[in-house]
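Scroll down for the structure; my scribbles are underneath it.
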Amino acid sequence: MDFVLLGIRDVPTLQNLLFLLLLMIYSVTMVGNILIVVLVVADQHLHTPMYFFLGSLSSLETCYSSTILPRLLAGFLSGHSSISAHGCMAQFYFFASFATTECYLLAAMSYDRYLAICQPLLYASLMTWKVSLHLAAASWLWGSLLLVVVTVFLSQLQFCGPKSVDHFFCDFTPLLELACSDTRVVTILSFIFGILDVVFPFLFTLASYVCIIAAILRIPCSTGRQKAFSTCSSHLTLVTIFYGTLILVYMLPRTAPLRQLNKVFSFFYTVLTPLVNPLIYSLRNREVREALRKMLRKAMACTQSSCYLGDRGKRLF
């Protein structure tokens, strides 16, 4: 049994343009996020819990993008958008588990910023390398395990009629609409797990930023307020984009007039969020920009020295 992903084929005249656009987005996403991981590993000035979480987030974004975009690009190239039932369930599992991991990772990052701004004297003792490693590992593990249950129950449903998924990837609600067996159990499970893997980390992140903003407003001088806010502005921007579009996608009713709008918002949080992560952190974060400059200077120095040694060797021979 195969499913057909209807995707974004309502504008056939723009298929080539969409393919090039998605290819460019995927390439920039992968290069940008991998570059941040390399910078965090290579530069000793970035060996702090804040940048450890950033490296974990960038690693996650490369996986997150790779569950959707390669399959979408292949469909544009081949003209066939069918996907096997097992492939569809696998795509749903990896996409949903990475999205859950991102929710918890963003919550861990907000907790790190809360300690840095609201408890600066205790930060070093509370946010140790062991604690940050445990928080990151728990985010990945929880996201991976939680979605196993939902995916198993979803795969047990019977799908009948035209197996056309009105989306560009295998998401929960479009798949549930195709089921002709009883969906009450899997719906209740998804509601419970939705509270655990989206609502709870969102409320935790929101509470952290309420405390952070309140602490920043209590700083007497404007320079101190600006410096404190600059340490968390990049993360706050990313949280706003991710949760804003995520909430819109799953709060909007899937009526016929709103389905295309639903796809647009889904495109934002599945495709554009991994893209803007490296852009936000590289453009708004001074330490990341400085680490990138140092790496580029080293690369240019190595290139020039190798060229010099090559020219010298030629003259000797």
Side-chain angles (χ1 to χ4, degrees), residues 1-12 14-27 29-30 60-102 143-144 146-181 183 186-187 189-190 193-194 197 245-246 249-250 254 256 259-275:
M1 180 183 72
D2 288 350
F3 292 100
V4 177
L5 297 172
L6 299 181
I8 40 181
R9 298 184 175 278
D10 302 320
V11 280
L14 298 177
Q15 295 301 296
N16 292 334
L17 183 61
L18 284 171
F19 172 78
L20 292 174
L21 176 65
L22 290 173
L23 181 61
M24 184 176 69
I25 288 174
Y26 184 57
S27 302
T29 300
M30 296 300 288
L60 176 67
E61 301 289 29
T62 59
C63 301
Y64 191 53
S65 295
S66 298
T67 60
I68 295 174
L69 282 177
R71 181 70 192 75
L72 191 57
L73 289 168
F76 277 116
L77 275 180
S78 63
H80 301 294
S81 54
S82 61
I83 183 171
S84 67
H86 293 300
C88 192
M89 292 302 157
Q91 187 185 55
F92 166 73
Y93 168 74
F94 284 112
F95 154 74
S97 64
F98 291 142
T100 301
T101 301
E102 181 154 357
S144 301
L146 197 65
L147 267 298
V148 170
V149 181
V150 178
T151 307
V152 168
F153 275 89
L154 186 63
S155 64
Q156 300 304 311
L157 296 177
Q158 291 182 348
F159 298 94
C160 48
K163 303 198 172 46
S164 301
V165 181
D166 191 13
H167 217 321
F168 57 88
F169 68 99
C170 293
D171 200 5
F172 180 79
T173 306
L175 285 173
L176 208 62
E177 291 173 349
L178 301 180
C180 51
S181 54
T183 62
V186 71
T187 302
L189 275 174
S190 68
F193 288 156
D197 59 26
T245 52
L246 183 67
V249 165
Y250 293 105
R254 282 184 60 81
R259 290 198 177 200
Q260 297 307 315
L261 188 61
N262 188 286
K263 289 181 189 179
V264 171
F265 287 128
S266 295
F267 185 82
F268 268 94
Y269 90 90
T270 58
V271 176
L272 293 187
T273 302
L275 172 69

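Both backbone and side-chain heavy atoms feed into the values below; hydrogens, waters and symmetry mates do not.
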Checklist entry - Can you list the steps and then say if H167 with S266 is a side chain to side chain contact (heavy atoms under 4.5 Å, CB included)? => result CA-CA 9 Å; H167 217 321; S266 295; 3.4 Å; yes
Next on the checklist: If you apply the rule side chain to side chain contact (heavy atoms under 4.5 Å, CB included), what do you find for I83 with D2, and how did you get there?
Outcome noted: CA-CA 6 Å; I83 183 171; D2 288 350; over 6 Å; no
Next on the checklist: For S97 and L146: C-alpha separation, side-chain torsions, deciding distance, then whether side chain to side chain contact (heavy atoms under 4.5 Å, CB included) applies.
Outcome noted: CA-CA 7 Å; S97 64; L146 197 65; over 6 Å; no
Checklist entry - Could you go step by step and tell me if L5 and L72 meet the side chain to side chain contact (heavy atoms under 4.5 Å, CB included) rule? => result CA-CA 9 Å; L5 297 172; L72 191 57; over 6 Å; no
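Side-chain atoms of Q91 come within 3.5 Å of backbone N or O of T67 as a donor-acceptor pair. Between the side chain of Y93 and the backbone N or O of V152 there is no donor-acceptor pair closer than 3.5 Å. Listed for the S65 side chain is no donor-acceptor partner under 3.5 Å among the backbone atoms of T62. The closest donor-acceptor contact from the side chain of S164 to the backbone of V4 lies at 3.5 Å or more, if one exists at all.
Residues P274 and T29 have side chains in contact (heavy-atom distance under 4.5 Å, counting atoms from C-beta outward). Counting heavy atoms from C-beta on, the side chains of L21 and F19 never come closer than 4.5 Å. Two residues are said to be in side-chain contact when any heavy atoms from C-beta on lie closer than 4.5 Å; M30 and S66 meet this criterion. At least one side-chain heavy atom of F168 sits under 4.5 Å from a side-chain heavy atom of T270. At least one side-chain heavy atom of I25 sits under 4.5 Å from a side-chain heavy atom of L272.
Note that CG of L246 is 9.0 Å distant from OG1 of T273, once rounded to the nearest 0.5 Å. E61 contributes atom CD, which lies 10.0 Å from atom CG of L275 (distance to the nearest 0.5 angstrom). Note that OG1 of T245 and CZ of F267 are 12.0 Å apart. Values are rounded to the nearest 0.5 Å. Rounded to the nearest 0.5 angstrom, L157 CG and S181 OG are separated by 4.5 Å. Summarising the geometry, atom OG1 belonging to T187 is positioned 4.5 Å from atom CG belonging to L176; distances are rounded to the nearest 0.5 Å. If you take CG on L18 and CG on L73, they are separated by 10.5 Å, rounding to the nearest 0.5 Å.
Checked options F92, F3, F95; the residue passing with F169 is F95 (criterion: ring-ring contact (aromatic ring centres under 6.0 Å, His included)).
Annotation: Y26, atom OH; neighbour count of heavy atoms from other residues, nucleotides and ligands within 6.0 Å is above 12. For F268, the CZ atom is loosely surrounded, since the number of other residues' heavy atoms within 6.0 Å does not exceed 12.
Summarising the geometry of G143 relative to T101, their closest heavy-atom pair is CA-OG1, 3.6 Å, with the distance given to 0.1 Å. For the residue pair V186 and V150, the shortest heavy atom distance occurs at CG2-O, 4.3 Å.
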